[in-house]
Amino acid sequence: MWLPASVLCLSCLLPTLRGQDGGRASLRRSGDHSGRCQYTFTVASPEGPGCPAGDSGAETEALLSRLTLLEAQVGRLVGGGEGGPAGAGAGDAAGLGEAYARVTGERDQLRQDKEHLNRQVRDLMKRVDELSLETEALKQKPCRPSPDAARDQPGNSRRPASNPANNVPSASYQEMKAEVTEVPASFLLPDGGHNQTGCGELVAVGDPVLHRKADSITGKYGVWLQDPEPRGLPYTNKTVWRIDAVGRDVRQLFAYEDMEQFSRGFPMKVLVLPEAVESTGAALYRGSLYFQRRLSRTLIRFDLASESPAARLDLPHAGFHGQHPYSWGGYTDIDLAVDEQGLWAIYSTSKAKGAVVISKLDPGSLEVKRSWETKIRKNSVGNAFMVCGRLYTVASYTAPNTTINHVFDTATGAGRAIAVPFKNKYRYNSMVDYNHAQRKLFSWDNHHMTTYDVTLGAASPGSS
Ligand code: CA
């Protein structure tokens, strides 16, 4: 390290010497008797060969002085000959420090890059989730056939747009086939299936069977039903009907071809109701949807085939919009029900002071044919339904293991407490309705649309 540095510094000096003398100069270095360095210059004169006369001694002295200064400067720069191994160690340490600083900087940069990539991954995953939700929402929308398709298939506008998935057999389809075969033949008679002989008291309710889970907030509660006594085409007892009851202007009535289509989420048609529906008390019977008009005690019969109102009547003295709801609230003041004996309204009046009133309705005109007043506080029970002319109330809409806790028989005008186990599996049961053709309860429990098998005992004296 000593030698190259010396040469480098001396070579820097030579041009200066050349410039001053106006000619070429050479330098020789040798030791003197005292062990010091001695430098000798030879300078070519621009005027002729040989050294110039005159003050050459002074010039030499000046050069020697400058060279001495130069030697001292070079010695200082390279450590004055005292460097050696120690100097090299310091240089190595400095190099390591520099390398360490560089590696540390690269590490920090990589960390920043990693964090940036992680953020991108998180953003992408969030976007994937959003797209999945959008896909599900699109699946919910009814398929609209194109004008060309409509021309190609006149009179077939109720069919859904082609969906390849509809042609794929699925496990759920097999399950529903099995379920349909369980319908008692006595309920499939051409006259609408009126069969009183199977009636008896409710003795057991099975576990809920899930058919569909709503995937948005509008499916928190609602109504879903099948018509136990359909009135010919285009709808059958296999058609599934659904109303998402969340919202202030509920008018959409979704129709699904069958339970399999219902479970997979493709409605074949959406009917728009002429009035907004109040709450979850609607019923289906003999080709009509019966529902309470929002913010009123008006009942409407909506004919499904013609898609138009067929009857409209106020339910006399009935409380509405939060006056006498079930315990879960939700404006469940008027609950319509269907059983083997026909169409019923379950509600209360100011005269009854919140006790459950049952009225038998004319399914054509909606007129009240007869009413019964019970001793059951309507706001103390979670829901109610009719089976064989008897009212049954569900004790709780949230308790996962609750009971059917009251029965009131319209044939005798008497009621009593009972305790038939009932499960609110999803802990927010907003609708319980009986379907006598399938002998099942339909319920809407916190986004989950379920059915329960019902077991009836022997007919008791006085029952119809
Ligand atoms: Ca009900």
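Worth knowing before you read on, the calculation uses all heavy atoms, side chains too, and leaves out hydrogens, waters and symmetry mates. Since the model is a prediction, treat every value here as computed from it, not as a measurement. Ligands are counted one by one from 1 in listed order, and the atoms in each one are counted from 1 as well.
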Once rounded to 10°, what is the value of the angle centred on the Ca ion (ligand 1) between Val432 O and Asn383 OD1? 90°
How open is the angle at the Ca ion (ligand 1) from atom OD1 of Asp433 over to atom OD2 of Asp335, rounded to 10 degrees? 130°
Counting backbone and side-chain atoms alike, is an N, O or S atom of [X] positioned under 3.0 Å from the Ca ion (ligand 1)?
X: Met431; result: no
X: Gly281; result: no
X: Ala384; result: yes

Take Thr450 and His211 through the test side-chain hydrogen bond (donor to acceptor under 3.5 Å, both in side chains) and record every step on the way to the result. CA-CA 6 Å; Thr450 63; His211 298 274; over 6 Å; no
Residues two or more places apart in sequence or in another chain: which of them pass ring pair (Phe, Tyr, Trp, His ring centres under 6.0 Å) with His317? none
May I have all residue pairs that pass side chain to side chain donor-acceptor pair (under 3.5 Å) and include part of residues 375-386, sequence neighbours excluded? none
Evaluate the ring planes of Tyr285 and Tyr290, with Trp represented by its six-membered ring, and classify them as parallel (under 30°), tilted (30 to 60°) or perpendicular (over 60°). tilted
Would you call the rings of His448 and Tyr426 parallel, tilted or perpendicular if under 30° counts as parallel and over 60° as perpendicular? parallel
